[in-house]
Amino acid sequence: MNHPQQLPAREELIAMGYPYGKAAEGIPMGNPQQEYLRTKPDFVVYRPHRPDGIDQDNVHFQVVPVKSGKKLFAIWTQSSVEGYGNNHLVCSSTEDCVHWTEPVMLSGVLPGGSQDPASWGFPIVTASGRIYLFCSRGDYEGNWDVLCTYSDDEGETFAPMTKLRLPDGREGYWCVWQTPMRCRDGAYLVGCTVWYGKEMPGTNWCHKESWSMILSFDNLDEDPEPRDVRMSWRTKAPILIPDPFFPQISVSQELAMVELPDGRLWVQMRTMQDSPYWAVSADGGRTFSEPRPMRYWDGSKVLHPLSPCPIYQYRPGKYFILAHQNDGRRLGFDHHELHWKENYSNFIRNPYYLCKAEFDPEGEQPIRIGAPVCLIDTGDIAIGPKQTAEGGTYSSFTQWQGKSILWYPDRKFYLLGKQLNCYGIEGEP
């Protein structure tokens with residue numbers, strides 16, 4: 001798309017007296033009618049417009065091609081504002097990346113409704129073309145269920161939602177944030193974060209016991225009814241990474257993974273250690289090496305706060321990673337403080353840098369990560385009811401009709417797409 005408008009910079013909005021409001025000291029609010037242009041998207045999927053305001057928060061944006069290749073199918077979590085208890089799952093589709101259908105709600109709660117919130121949905125397209133959708137349902141107090149539905153007409157209609165349970169009857173707040181991957185044994189694997197307990201040693205939400213695990217869907221290519229879906233924990237033991245402030249607990253979250261050319265699984269997790277951590281598995285994700293900080297080709301650490309750090313494969317043995325290039329200290333905000341005055345994550349999760357990477361069979365770290373290039377920058381201008389300036393978190397990636405596209409929520413408000421071919425991310429898998 002064209003970007004004819006030059007939007008005012010952060011310093012200009014401050015000098016103008018914060019004309020659209022202030023999210024925090026030095027963080028102006030932007031004009032919601034224009035701010036979607038700030039990150040220079042190539043595609044605009046969704047801009048909030050409902051008069052009831054129930055669509056003001058849009059996150060966990062996952063896009064996949066359907067089996068026929070004729071369209072892209074998208075699913076995301078929508079609400080009035082994250083954490084307000086009215087999360088609902090919606091879906092949309094496109095045949096050209098430009099024109100998207102009006103979102104259809106699949107599960108969750110709207111104003112006046114009595115259902116439980118539904119969140120963090122993810123799709124799996126099986127060998128036959130059936131689209132399964134899974135999501136979590138609960139109230140942030142534990143005992144979250146798994147909901148499952150499916151479509152046999154490429155997302156036009158869906159079967160009724162069926163309630164499942166996590167494997168082994170495990171309880172706790174759980175979250176999946178990336179599209180599952182089909183591994184060599186035919187199972188579909190996805191990283192899963194599980195939070196346990198209601199007590200936190202600190203006052204900030206980031207200091208809560210969390211484990212990274214791999215959830216396996218073992219029979220989806222047989223197209224079972226939801227009640228017959230077989231799920232299992234692929235990891236024999238969770239991947240734990242100590243919280244540097246409270247080492248008695250683990251903060252290991254939002255596992256992302258790729259399969260290496262030699263058959264090993266590479267996983268990377270967000271942490272409170274100022275860097276993402278990586279580990280590899282030689283037995284299909286059952287056991288892992290000791291987690292270590294991610295490093296660039298020159299040995300320096302990949303700096304990154306507690307924020308999603310995705311990895312995507314665009315060719316066999318070739319990948320790209322997104323990272324913020326800061327250790328949680330930005331613009332006077334510091335997530336190392338044990339008592340946040342406000343949600344610092346809203347302001348330290350920006351910009352996003354793209355780092356091309358490739359398989360290094362001889363390397364101690366088997367993925368060699370190249371130099372960062374700025375990809376998404378909100379200008380540290382906030383938008384939406386959450387008043388966040390974070391850019392591009394909870395994204396997905398597709399290669400479709402010659403285009404390599406990163407699909408991303410912009411400040412958890414707009415849903416946008418950016419074509420990556422010009423960054424050397426080729427358009428065919």
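Bear in mind that the values here come from a model prediction, so they are computed numbers and not experimental data.
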> Taking the side chain from Thr149 and the backbone from Ala159, do they hold a donor-acceptor pair closer than 3.5 Å?
Replying inline: yes
> Side chain of Trp407, backbone of Leu415: donor and acceptor closer than 3.5 Å?
Replying inline: no
>> Can you tell whether the side chains of Arg264 and Glu259 come within less than 4.0 Å, N to carboxylate O?
In response: no
> For the side chain of Arg286 and the backbone of Asp283, is there at least one donor-acceptor N/O pair under 3.5 Å apart?
Replying inline: yes
> So which heavy atom on Arg10 is nearest to which on Gly379, and how close?
Replying inline: CB-O, 3.4 Å
>> Please determine whether side-chain hydrogen bond (donor to acceptor under 3.5 Å, both in side chains) holds for the pair Gln273 and Ser275, giving the CA-CA distance in whole Å, both sets of side-chain angles, and the decisive distance to 0.1 Å.
In response: CA-CA 5 Å; Gln273 297 277 2; Ser275 175; over 6 Å; no
> Below 6.0 angstrom between ring centroids: does that apply to Phe320 and Phe397?
Replying inline: yes
> With a 6.0 Å cut-off on ring centres, are Trp233 and Trp211 close enough?
Replying inline: no
>> Give me the atom names and distance for the closest heavy-atom approach of Leu306 to Ser345.
In response: O-OG, 4.5 Å
>> Can you see whether Ser151 engages Tyr132 through a side-chain donor-acceptor pair at a distance of less than 3.5 angstrom?
In response: no
>> Which heavy atom of Asp410 sits nearest to which heavy atom of Tyr36, and what is that distance?
In response: OD2-CA, 4.2 Å
> Can Gln268 and His304 be counted as having a side-chain donor-acceptor contact under 3.5 angstrom?
Replying inline: no
> Do NZ/NE/NH1/NH2 and the carboxylate oxygens of Arg368 and Glu358 come within less than 4.0 Å?
Replying inline: no
> If you look at every heavy atom in Gln253 and Trp195, which pair is closest and at what distance?
Replying inline: NE2-NE1, 3.5 Å
>> Below 30° counts as parallel, above 60° as perpendicular, anything between as tilted: where do the rings of Phe134 and Phe217 land?
In response: tilted
>> I'd like to check Ser300 versus Arg295 (side-chain heavy atoms, cut-off strictly below 4.5 Å). Are they in contact?
In response: no
> Would a line drawn from the ring center of His324 to the ring center of Tyr353 be shorter than 6.0 Å?
Replying inline: no
>> Let's go through Ile405 and Cys97 carefully: what are the C-alpha distance in whole Å and the side-chain angles of both, what is the deciding distance for side-chain contact (heavy atoms from CB on, under 4.5 Å) to 0.1 Å, and is it a yes or a no?
In response: CA-CA 10 Å; Ile405 305 172; Cys97 297; 3.7 Å; yes
> Is it true that a side-chain atom of Thr398 and a backbone atom of Val63 form a donor plus acceptor pair closer than 3.5 Å?
Replying inline: no
>> I want to know whether Tyr344 and His335 have ring centres closer than 6.0 Å.
In response: no
> Under 3.5 Å, is there a donor-acceptor pair between the Thr193 and Trp174 side chains?
Replying inline: no
> Taking 4.0 angstrom as the limit, do Asp145 and Arg165 come out as a salt bridge?
Replying inline: yes
>> Determine whether Leu106 and Leu133 satisfy the following criterion, side-chain contact (heavy atoms from CB on, under 4.5 Å), listing intermediate values before the conclusion.
In response: CA-CA 10 Å; Leu106 298 169; Leu133 297 181; 3.3 Å; yes
> Going by atom types alone, do Trp278 and Gln365 pair a side-chain donor with an acceptor below 3.5 Å?
Replying inline: yes
> Any salt bridge between Glu102 and Arg50, counting N to O under 4.0 Å?
Replying inline: no
>> For a side-chain contact (heavy atoms from CB on, under 4.5 Å) check, start with the C-alpha distance between Phe73 and Ser92, then their side-chain angles and the critical distance, and finish with the verdict.
In response: CA-CA 6 Å; Phe73 176 82; Ser92 178; over 6 Å; no
> Taking the six-membered ring where the residue is Trp, are the ring centres of His60 and Trp177 under 6.0 Å apart?
Replying inline: no
>> Could you report the tightest heavy-atom contact between Met213 and Leu255, atom names first, then the distance?
In response: O-CD1, 4.4 Å
> With distance as the sole criterion, is a donor-acceptor pair present between the side chains of Tyr150 and Glu225 under 3.5 Å?
Replying inline: yes
> Do any N or O atoms from the side chain of Ser107 and from the backbone of Leu89 form a donor-acceptor pair under 3.5 angstrom?
Replying inline: no
>> Do Val176 and Trp120 make a side-chain contact, defined as non-hydrogen atoms from C-beta onward lying under 4.5 Å apart?
In response: no
>> Within the 3.5 Å criterion, strictly below it, is a donor on Ser136 or Ser119 matched to an acceptor on the partner's side chain?
In response: no
> Are Tyr394 and Glu254 linked by a side-chain donor-acceptor pair shorter than 3.5 Å?
Replying inline: yes
>> Check this for me: Arg184, atom CZ, are more than 12 non-hydrogen atoms of other residues, nucleotides or ligands nearer than 6.0 Å?
In response: yes
>> Whether Glu426 and Lys318 form a salt bridge (side-chain N of Lys/Arg under 4.0 Å from carboxylate O of Asp/Glu) is what I want to check.
In response: no
>> Surrounding NE2 of His49 (heavy atoms of other residues, nucleotides or ligands, distance under 6.0 Å), is the total greater than 12?
In response: yes
>> In the structure I gave you, are the side-chain heavy atoms of Phe122 and Ile75 within less than 4.5 Å of one another anywhere?
In response: no
>> Between Asp377 (side chain only) and Pro351 (backbone N and O only), is there a donor and an acceptor less than 3.5 Å apart?
In response: no
> Would you say the side chains of Asp223 and Thr126 form a donor-acceptor pair under 3.5 Å?
Replying inline: yes
> Pick from Pro308, Cys309, Pro372, Cys374: which one makes a side-chain contact (heavy atoms from CB on, under 4.5 Å) with Tyr352?
Replying inline: Pro308
> Are side-chain N/O atoms of Ser396 and Gln62 paired as donor and acceptor at under 3.5 Å?
Replying inline: no
> Heavy-atom distance under 4.5 Å between the side chains of Asn58 and Phe413, does that happen here?
Replying inline: no
> Backbone N or O of Ile381 within a donor-acceptor pair of the Arg411 side chain at under 3.5 Å?
Replying inline: yes
>> Applying the side chain to side chain donor-acceptor pair (under 3.5 Å) criterion to Asn350, which one of Asp380, Asn326, Thr39 satisfies it?
In response: Asp380
>> Under a 3.5 Å distance rule, please check whether Arg182 uses its side chain to pair with a backbone N or O of Val125 as donor and acceptor.
In response: no
> Does CD belonging to Glu95 count more than 12 external heavy atoms closer than 6.0 Å?
Replying inline: no
> Salt-bridged, Glu154 to Lys67, with N to O below 4.0 Å?
Replying inline: no
>> Could you tell me if Asn87 and Thr77 have a donor-acceptor pair between their side chains, going purely by distance under 3.5 Å?
In response: no
> Can Arg234 and Asp185 be counted as an ion pair, charged N to O under 4.0 angstrom?
Replying inline: yes
> Charged N to carboxylate O below 4.0 Å: is that the case for Asp42 and Lys418?
Replying inline: no
>> I'd like to know if the side chain of Arg130 and the backbone of Glu222 have a donor-acceptor N/O pair within less than 3.5 Å.
In response: no
> Do you know the tightest heavy-atom contact between Asn204 and Leu338?
Replying inline: ND2-O, 3.1 Å
> Are any side-chain N or O atoms of Ser216 and backbone N or O atoms of Leu189, one a donor and one an acceptor, separated by less than 3.5 Å?
Replying inline: no
> Would the number of heavy atoms belonging to other residues, nucleotides or ligands and lying under 6.0 Å from NZ of Lys163 be above 12?
Replying inline: no
